[in-house]
*Asks:* 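Handing you a structure now.
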Amino acid sequence: QVLEPSPERVVSPCGYAGGCGGCSWQNLASDVQLQAKRANVVAALTRTAHFDESVAQSLVAPVIASQDVWGYRNKLELGVSKDAQGKLLLGMYGDASHELVPITTCKLAHKKIQTAPKALQGALRFLQGTQDLGLFRVGVRHSSRTGECEVALWTRPGAFPRAAVAKTLSSALDCTSIVRVVADEGKARKVKQVECLAGKGCWTERMAGARFAISAPSFFQVNTAQAEQLVRCAVQALGGTFGEDAPRGLSGMLIGDLYAGAGTFSIQLARAGADVIAVESAGSSVRDLRRNAEMNHVGVEVIGGDAARELPELGGLDALVVDPPRAGLADGVVASIAAAHPQKVVYVSCDAQTWARDVVRFEQEGYRLVLVQPVDLFPQTYHVEIVSAFERM
């Protein structure tokens, strides 16, 4: 209940404010969001990494703002449920909840797919009327740069009406690709197979002068324009430059890229002239990374495996880029990084607390934190991406 609105409070344009768990900061003015995100990074350094307040304040740069604060997402991930009458529902899960909030539109998404939830819900209700599709998740990706749109249906193994689904969804949404991801339901989402039902079977995007082809199970940043800022910050932190979408200045350097995904950083480091060794554990991302390196005419040595296990085998490195999941670096990984003796380490994080915990580990292993650049990839939420750089002391 709002008894007296703050001067920093704004009226959200979203009709699901307060219900859907996607945008918990949408009633906070954009400039105040940026101030709060920087303050959260400073607080993580002081409280978790035990830095002096003045040192933390001097290290953490102002947040790089997103030009678009609405309509920036290239991807929607929709949960699946049923109403009291058994009709299929698509929506988002409430904040810290397993309850699905049905939605028909999402203002965070690119304009082309903002109403995709409503269109897909109607089409899938029609298809589900005759049989159980085993559906538990729906993904939609759209690129405003390539114009491509892909719908990915995540289903349990079993019979599936491929032709009917392809025809119905093609009528509901203007797609360049429709795929079925056969996977185990649950947090692990172990993918068994990806079936192309119509179109290209993948989604393509352009970012920082490079082209990327992404399979449905593979990770790719949801804010393309701000992901370019991450890449620029990483290249510059390693001593390179970025001009006219062409990175350069890293010739002769041997750089490792852990948790490499489909090549967000690997491709750009190689374009800048570095010799790149990329390590990634997800099979679909490994295949995408190899394809993306070939498509951009760069050489990247791709190793499919666990970062912690493969790191000791990489040998001496001039520099290293790590972009781990929210849980941060596993126990022992920082020590293994130190054993590889990179002079510089660029650590990209999406969680300030686990990042600050790892800052302590790097300092204990003889590295000094020299750069902290927050980047706002997720306006209207409390999340902030951090590009940080360490130098060997």
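Values in this document were obtained by computation on a predicted structure and should not be read as measured data.
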*Asks:* Would the distance check show the side chain of Asp83 and the main-chain N or O of Lys87 forming a donor-acceptor pair, the cut-off being under 3.5 Å?
*Replies:*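 Pair found, side chain donor or acceptor close to backbone of Lys87.
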*Asks:* Taking everything shown except Glu195 itself, do over 12 heavy atoms lie less than 6.0 Å from its CD?
*Replies:*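 Check passes, neighbour count above 12.
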*Asks:* Kindly indicate whether the side chain of Trp70, heavy atoms from C-beta on, has any atom under 4.5 Å from the side chain of Pro379.
*Replies:*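 Trp70 vs Pro379: side chains apart.
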*Asks:* Could you go step by step and tell me if Thr104 and Tyr16 meet the side chain to side chain donor-acceptor pair (under 3.5 Å) rule?
*Replies:* CA-CA 10 Å; Thr104 58; Tyr16 300 103; 3.1 Å; yes
*Asks:* What residues, two or more places apart in sequence or in another chain, satisfy salt bridge (charged side-chain N to carboxylate O under 4.0 Å, His left out) together with Asp52?
*Replies:*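 Salt bridge (charged side-chain N to carboxylate O under 4.0 Å, His left out) check on Asp52 returns nothing, list empty.
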*Asks:* With a 4.5 Å cut-off on side-chain heavy atoms, are Leu377 and Ser66 touching?
*Replies:*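 No, too far: nothing below the 4.5 Å cut-off.
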*Asks:* Hey, can you pull the donor-acceptor pairs under 3.5 Å for the side chains in residues 74-82, sequence neighbours left out?
*Replies:*
{"from": "Asn74", "atom 1": "ND2", "to": "Gln221", "atom 2": "O", "distance (Å)": "3.0"}
{"from": "Asn74", "atom 1": "ND2", "to": "Val222", "atom 2": "O", "distance (Å)": "3.2"}
{"from": "Asn74", "atom 1": "ND2", "to": "Thr224", "atom 2": "OG1", "distance (Å)": "3.0"}
{"from": "Lys75", "atom 1": "NZ", "to": "Glu77", "atom 2": "OE2", "distance (Å)": "2.9"}
{"from": "Glu77", "atom 1": "OE1", "to": "Arg137", "atom 2": "NH2", "distance (Å)": "3.3"}
{"from": "Glu77", "atom 1": "OE2", "to": "Arg137", "atom 2": "NH2", "distance (Å)": "2.9"}

*Asks:* List the atom of Ala44, the atom of Ala356, and the distance in Å for their closest heavy-atom pair.
*Replies:*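 Shortest heavy-atom contact: O-CB, 3.3 Å.
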*Asks:* Indicate yes or no: at least one non-hydrogen side-chain atom of Lys192 is less than 4.5 angstrom from one of Pro157.
*Replies:*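 Of all side-chain heavy-atom pairs linking Pro157 with Lys192, at least one is under 4.5 Å.
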*Asks:* For Arg145, check side-chain hydrogen bond (donor to acceptor under 3.5 Å, both in side chains) against everything at least two apart and list the hits.
*Replies:*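 So Arg145 forms a side-chain hydrogen bond (donor to acceptor under 3.5 Å, both in side chains) with Glu228.
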*Asks:* Heavy-atom distance under 4.5 Å between the side chains of Val138 and Leu135, does that happen here?
*Replies:*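 Yes, side chains in contact.
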*Asks:* Working to the nearest 0.5 angstrom, can you tell me the gap between Lys118 NZ and Cys106 SG?
*Replies:*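 If I round to the nearest 0.5 Å, the distance is 15.5 Å.
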*Asks:* Tell me which donor-acceptor pairs under 3.5 Å the side chains of residues 312-331 have, and how far apart each pair is, sequence neighbours excluded?
*Replies:*
{"from": "Asp318", "atom 1": "OD2", "to": "Leu254", "atom 2": "N", "distance (Å)": "2.7"}
{"from": "Arg326", "atom 1": "NH1", "to": "Cys350", "atom 2": "O", "distance (Å)": "3.1"}
{"from": "Asp331", "atom 1": "OD1", "to": "Arg361", "atom 2": "NH2", "distance (Å)": "2.8"}

*Asks:* Can you measure from CD (Gln26) to CG (Leu28) and round to the nearest 0.5 angstrom?
*Replies:*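 The CD atom of Gln26 sits 11.0 Å away from the CG atom of Leu28.
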*Asks:* Do Thr48 and Arg357 have a side chain donor and acceptor closer than 3.5 Å?
*Replies:*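 Absent: no donor and acceptor within the cut-off.
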*Asks:* How far does CG of Leu169 sit from CG of Leu153, to the nearest 0.5 angstrom?
*Replies:*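 That separation rounds to 5.5 Å.
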*Asks:* What donor-acceptor contacts under 3.5 angstrom involve side-chain atoms of residues 273-281, with partners at least two apart or in another chain?
*Replies:*
{"from": "Glu280", "atom 1": "OE1", "to": "Ala260", "atom 2": "N", "distance (Å)": "3.3"}
{"from": "Glu280", "atom 1": "OE1", "to": "Gly261", "atom 2": "N", "distance (Å)": "2.7"}
{"from": "Glu280", "atom 1": "OE2", "to": "Ala282", "atom 2": "N", "distance (Å)": "2.9"}

*Asks:* Between Asn27 (side chain) and Arg9 (backbone), is there a donor-acceptor pair under 3.5 Å?
*Replies:*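 Answer holds: no.
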*Asks:* With sequence neighbours left out, write down each residue that passes ring pair (Phe, Tyr, Trp, His ring centres under 6.0 Å) with Phe265, or none if nothing qualifies.
*Replies:*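 Expected list: none.
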*Asks:* Taking all heavy atoms of Glu363 and all of Phe51, pick out the closest pair and write down the distance.
*Replies:*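 Of all heavy-atom pairs spanning Glu363 and Phe51, the closest is OE2-CZ, 3.6 Å.
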*Asks:* Dump the intermediate steps for side chain to side chain donor-acceptor pair (under 3.5 Å) on Ser143 and Glu205, then the final yes or no.
*Replies:* CA-CA 6 Å; Ser143 168; Glu205 178 64 296; 2.4 Å; yes
*Asks:* Could you report the tightest heavy-atom contact between Lys37 and His383, atom names first, then the distance?
*Replies:*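 That closest heavy-atom pairing would be NZ-O, 3.1 Å.
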*Asks:* Could you check Phe219, Trp203, Phe220 and say which one makes a ring pair (Phe, Tyr, Trp, His ring centres under 6.0 Å) with Phe212?
*Replies:*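 Of Phe219, Trp203, Phe220, ring pair (Phe, Tyr, Trp, His ring centres under 6.0 Å) with Phe212 is met by Phe220 alone.
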*Asks:* What ring-ring contact (aromatic ring centres under 6.0 Å, His included) pairs are there with at least one residue in residues 132-169, not counting sequence neighbours?
*Replies:*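 Pairs touching residues 132-169 that pass the test: His110-His142.
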*Asks:* What's the shortest heavy-atom distance between Asn292 and Ala262, and which atoms?
*Replies:*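 Smallest heavy-atom distance, with atoms named: ND2-O, 2.9 Å.
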*Asks:* Going by the side-chain hydrogen bond (donor to acceptor under 3.5 Å, both in side chains) test, which pairs reach into residues 332-347, not counting sequence neighbours?
*Replies:*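 side-chain hydrogen bond (donor to acceptor under 3.5 Å, both in side chains) check on residues 332-347 returns His341-Arg392, Tyr347-Asp358.
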*Asks:* Measuring from Cys20:SG to Ile103:CD1, what's the distance to the nearest 0.5 Å?
*Replies:*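 If I round to the nearest 0.5 Å, the distance is 5.5 Å.
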*Asks:* Working to the nearest 0.5 angstrom, can you tell me the gap between Ile386 CD1 and Ser349 OG?
*Replies:*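 Rounded to the nearest 0.5 Å, the CD1-OG separation comes to 5.0 Å.
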*Asks:* Any side-chain heavy atom of Val41 within less than 4.5 Å of one from Val372?
*Replies:*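 Result yes, sub-4.5 Å side-chain heavy-atom pair found.
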*Asks:* Give me the other members of the hydrophobic cluster that Leu34 sits in, counting Ile, Leu, Val, Met, Phe, Trp and Tyr linked by side-chain heavy atoms under 4.5 Å, directly or via other members.
*Replies:*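 ILVMFWY cluster around Leu34 also holds Val63.
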*Asks:* Please tell me if the side chains of Gln33 and Gln380 come closer than 4.5 Å, counting only heavy atoms from C-beta onward.
*Replies:*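 Yes; the side chains approach each other to less than 4.5 Å.
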*Asks:* Which donor-acceptor pairs under 3.5 Å do side chains of residues 231-246 form with protein atoms, sequence neighbours excluded?
*Replies:*
{"from": "Arg232", "atom 1": "NH2", "to": "Asp245", "atom 2": "OD1", "distance (Å)": "3.0"}

*Asks:* Can you tell me if Arg38 uses its side chain to pair, donor with acceptor, with the backbone of Val60 under 3.5 Å?
*Replies:*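 At least one qualifying donor-acceptor pair exists.
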*Asks:* Residues two or more places apart in sequence or in another chain: which of them pass side-chain hydrogen bond (donor to acceptor under 3.5 Å, both in side chains) with Arg271?
*Replies:*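 Listed in chain order: Gln268.
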*Asks:* For the pair Arg47 (side chain) and Gln353 (backbone), establish whether a donor and an acceptor sit closer than 3.5 Å, ignoring hydrogens and angles.
*Replies:*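 No; judged by distance alone, with no hydrogens or angles, the pair does not exist.
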*Asks:* In Å, rounded to the nearest 0.5 Å, how long is the span from SG of Cys202 to CD1 of Ile214?
*Replies:*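 Spacing of SG (Cys202) from CD1 (Ile214) equals 8.5 Å.
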*Asks:* Is the side chain of Thr168 donor-acceptor paired with the backbone N or O of Val165 at a distance under 3.5 Å, no angle test?
*Replies:*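 Such a contact is absent between Thr168 side chain and Val165 backbone.
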*Asks:* Under a 4.5 Å cut-off applied to non-hydrogen side-chain atoms, are Lys200 and Glu148 in contact?
*Replies:*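 SC-SC contact between Lys200 and Glu148 confirmed.
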*Asks:* Yes or no on side-chain contact (heavy atoms from CB on, under 4.5 Å) for Cys149 and Val140, after CA distance, side-chain angles and deciding distance?
*Replies:* CA-CA 7 Å; Cys149 178; Val140 186; 4.2 Å; yes
*Asks:* What do the steps show when you test Gln67 against Gln226 for side chain to side chain donor-acceptor pair (under 3.5 Å), and what is the final call?
*Replies:* CA-CA 9 Å; Gln67 185 174 356; Gln226 288 298 87; over 6 Å; no
*Asks:* Let's go through Trp355 and Ser388 carefully: what are the C-alpha distance in whole Å and the side-chain angles of both, what is the deciding distance for side chain to side chain donor-acceptor pair (under 3.5 Å) to 0.1 Å, and is it a yes or a no?
*Replies:* CA-CA 9 Å; Trp355 166 77; Ser388 59; 2.9 Å; yes
*Asks:* Can you find a pair of side-chain heavy atoms, one from Ser284 and one from Arg287, that are under 4.5 Å apart?
*Replies:*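 Yes; the side chains approach each other to less than 4.5 Å.
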*Asks:* Return the minimal non-hydrogen interatomic distance between Arg291 and Ser215, and the atom names on each side.
*Replies:*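 Where Arg291 meets Ser215 most closely, the heavy atoms are NH2-OG, 3.5 Å.
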*Asks:* Measure from the side-chain N and O atoms of Thr381 to the backbone N and O of Phe378, and report whether any donor-acceptor pair falls under 3.5 Å.
*Replies:*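 The answer is yes, because a donor-acceptor pair under 3.5 Å joins these two groups.
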*Asks:* Backbone N or O of Cys175 within a donor-acceptor pair of the Glu150 side chain at under 3.5 Å?
*Replies:*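 No, because the side chain of Glu150 does not come within donor-acceptor range (under 3.5 Å) of the backbone of Cys175.
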*Asks:* For Ala166 versus Leu197, what's the shortest heavy-atom pair and its separation?
*Replies:*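 Shortest heavy-atom contact: CB-O, 3.6 Å.
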*Asks:* Which residue pairs satisfy the side-chain hydrogen bond (donor to acceptor under 3.5 Å, both in side chains) criterion with at least one member in residues 293-306, sequence neighbours excluded?
*Replies:*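 Residue pairs with at least one partner in residues 293-306: there are none.
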*Asks:* Please confirm whether the backbone N or O of Leu88 pairs with a side-chain atom of Arg125, one donor and one acceptor, at under 3.5 Å?
*Replies:*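 Judged by distance alone, yes, a pair lies under 3.5 Å.
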